[in-house]
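To start, the structure itself, in structure tokens.
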Amino acid sequence: MASCLVPALLLLLLLGSRRSVAPNPCVDAADACTADERCHRLRTAYVAQCLGRAAPGGCPRARCRRALRQFFARGPPALTHALLFCPCGGPACAERRRQTFVPSCAFSGPGRAPPSCLGPLDACEHSRICRPRLLAFQVSCATTASNPDGCLRDQAPSCLRAYAGLVGTAITPNYVDNASARVEPWCDCRASGNRREECEVFRGLFTRNRCLDSAIQTFDGGWPPILRNQLDSHQDPEQSLLQVSTADAPLEESSLLSMLLVLALQSVF
């Protein structure tokens with residue numbers, strides 16, 4: 001029974017509860033998404049896909065990433081961005097932010113050590129989905145020498161939109177830990193051979209990008225009104241956790257996860 005509850009407990013982590021003692025903007029963002037029919041339905045779909053098992057120890061990564069792209073493309077941007085960029089002041093919130101889109105399937109690889117960045121970079125360059133998104137990210141989050149802080153005025157919103165557009169592609173980035181807002185793709189440049197410089201330039205788009213860092217760190221200044229409105233009119237939080245079982249056109253896997261969630265809640269509370 002304990003092993004069966006693992007997916008449900010992870011779903012509980014993703015969908016959230018307002019029982020946390022300290023203020024947690026990522027829980028608020030999750031609750032607001034749950035209260036919005038479209039956001040909730042799309043999020044339920046990607047959670048179900050990303051927690052699915054194609055083989056022992058594996059996950060249906062292609063389906064998981066496709067569902068993630070649909071979530072960020074079709075979901076209300078104010079709510080999807082609040083989930084991805086919720087401002088955190090402590091490790092519990094930051095860990096929740098890091099787990100937003102089930103990184104064990106969508107982000108990190110099956111091995112413990114990340115591969116060379118040249119692999120995902122080459123895959124992106126040959127993908128009609130990923131390549132234009134990477135180019136948009138490079139333009140939208142580019143630094144400039146014309147401004148004192150090195151970033152264009154009012155650049156942050158477009159930079160964050162472009163970053164979110166990379167989630168679900170071959171170079172899906174994510175937060176690296178629960179102690180900062182640093183992000184990077186799941187790769188490094190240790191085995192890049194004579195393409196080491198190219199690899200470092202690519203990785204630096206995420207790890208040495210002051211405009212991206214600034215946009216993420218100041219997202220709380222643009223905490224969207226729609227999020228506040230959703231929270232103000234939000235129904236009972238324990239009931240909202242169970243809405244996953246009544247979403248429009250639920251997936252078969254989602255229904256199973258919903259039942260497991262109910263069992264997990266009964267055992268925990």
Side-chain angles (χ1 to χ4, degrees), residues 7 10-11 13-16 26 29-54 58-86 96-109 120 123-124 126-137 140 157-175 183 185-186 216 219 224 226-227 230 240-241 243-258 261:
L10 181 53
L11 185 57
L13 171 66
L14 289 170
L15 291 178
C26 292
D31 286 345
C33 180
T34 300
D36 180 90
E37 181 182 357
R38 181 158 50 113
C39 186
H40 174 66
R41 174 163 35 87
L42 291 167
R43 190 160 178 252
T44 300
Y46 87 67
V47 168
Q49 290 292 346
C50 296
L51 287 179
R53 296 288 176 180
C59 75
R61 174 163 290 187
R63 296 201 301 270
C64 169
R65 287 181 168 177
R66 186 186 312 117
L68 277 168
R69 294 197 301 271
Q70 291 176 347
F71 174 72
F72 286 105
R74 301 176 184 176
L79 297 178
T80 60
H81 286 192
L83 275 167
L84 190 58
F85 303 116
C86 42
R96 183 185 186 84
R97 181 174 61 186
R98 192 181 71 83
Q99 294 285 348
T100 293
F101 51 75
V102 195
S104 59
C105 183
F107 171 67
S108 59
C124 184
H126 291 88
S127 168
R128 62 179 180 82
I129 294 175
C130 183
R131 188 170 187 273
R133 297 180 184 219
L134 177 58
L135 292 174
F137 172 73
S140 300
S158 61
C159 179
L160 294 181
R161 283 195 301 270
Y163 177 90
L166 290 175
V167 176
T169 69
I171 56 174
T172 298
N174 195 21
Y175 299 95
V183 297
W186 175 254
I216 293 175
F219 180 75
I226 186 176
L227 183 60
Q230 286 284 6
S240 72
L241 281 172
Q243 281 184 350
V244 65
S245 63
T246 59
D248 291 345
L251 298 176
E252 181 178 348
E253 288 181 70
S254 175
S255 298
L256 175 60
L257 288 170
S258 302
L261 174 61

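These values consider heavy atoms only, across backbone and side chains, with no hydrogens, waters or symmetry-generated copies.
- Atoms SG and CG, on Cys26 and Asp31 in that order, are 11.5 Å from each other to the nearest 0.5 Å.
- Counting only heavy atoms from C-beta outward, the side chains of Tyr175 and Ile216 approach each other to under 4.5 Å.
- Across the pair Cys105 and Cys59, the gap between the SG atoms, which is the quantity tested here, stays under 2.5 Å.
- When side chains are defined from C-beta on, Arg97 does not count as touching Phe85, because their heavy atoms never get closer than 4.5 Å.
- Among residues two or more places apart in sequence or in another chain, the side chain to side chain contact (heavy atoms under 4.5 Å, CB included) test is passed with Ser108 by Trp186.
- Remark: the backbone N or O of Ala136 is paired with a side-chain donor or acceptor of Ser140 at under 3.5 angstrom.
- Looking at Asn174, its side chain does come within 3.5 Å of a backbone N or O of Arg98 through a donor-acceptor pair.
- The closest side-chain heavy-atom distance from Leu68 to Gln49 is not below 4.5 Å.
- Contact of the Arg69 side chain with the Arg133 side chain is registered, since non-hydrogen atoms from C-beta on lie closer than 4.5 Å.
- To the nearest 0.5 angstrom, Phe72 atom CZ is 7.5 Å from Leu83 atom CG.
- Counting heavy atoms from C-beta on, the side chains of Arg38 and Arg41 come closer than 4.5 Å.
- Using a 4.5 Å heavy-atom cutoff, the side chains of Tyr46 and Gln70 are not in contact.
- Residues that satisfy the side-chain hydrogen bond (donor to acceptor under 3.5 Å, both in side chains) test with Arg131, not counting sequence neighbours, are Glu125.
- Side-chain contact check for Val47 versus Phe101: every heavy-atom pair is 4.5 Å or farther apart.
- Side-chain contact between Pro76 and Asp36 is present, with at least one heavy-atom pair separated by less than 4.5 Å.
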Please tabulate, for side-chain N and O atoms in residues 157-169, each donor-acceptor pair with protein atoms closer than 3.5 Å (sequence neighbours left out).
unit_1, atom_1, unit_2, atom_2, d
Ser158, OG, Gln155, O, 2.9
Thr169, OG1, Leu166, O, 2.7
Thr169, OG1, Ile171, N, 3.3

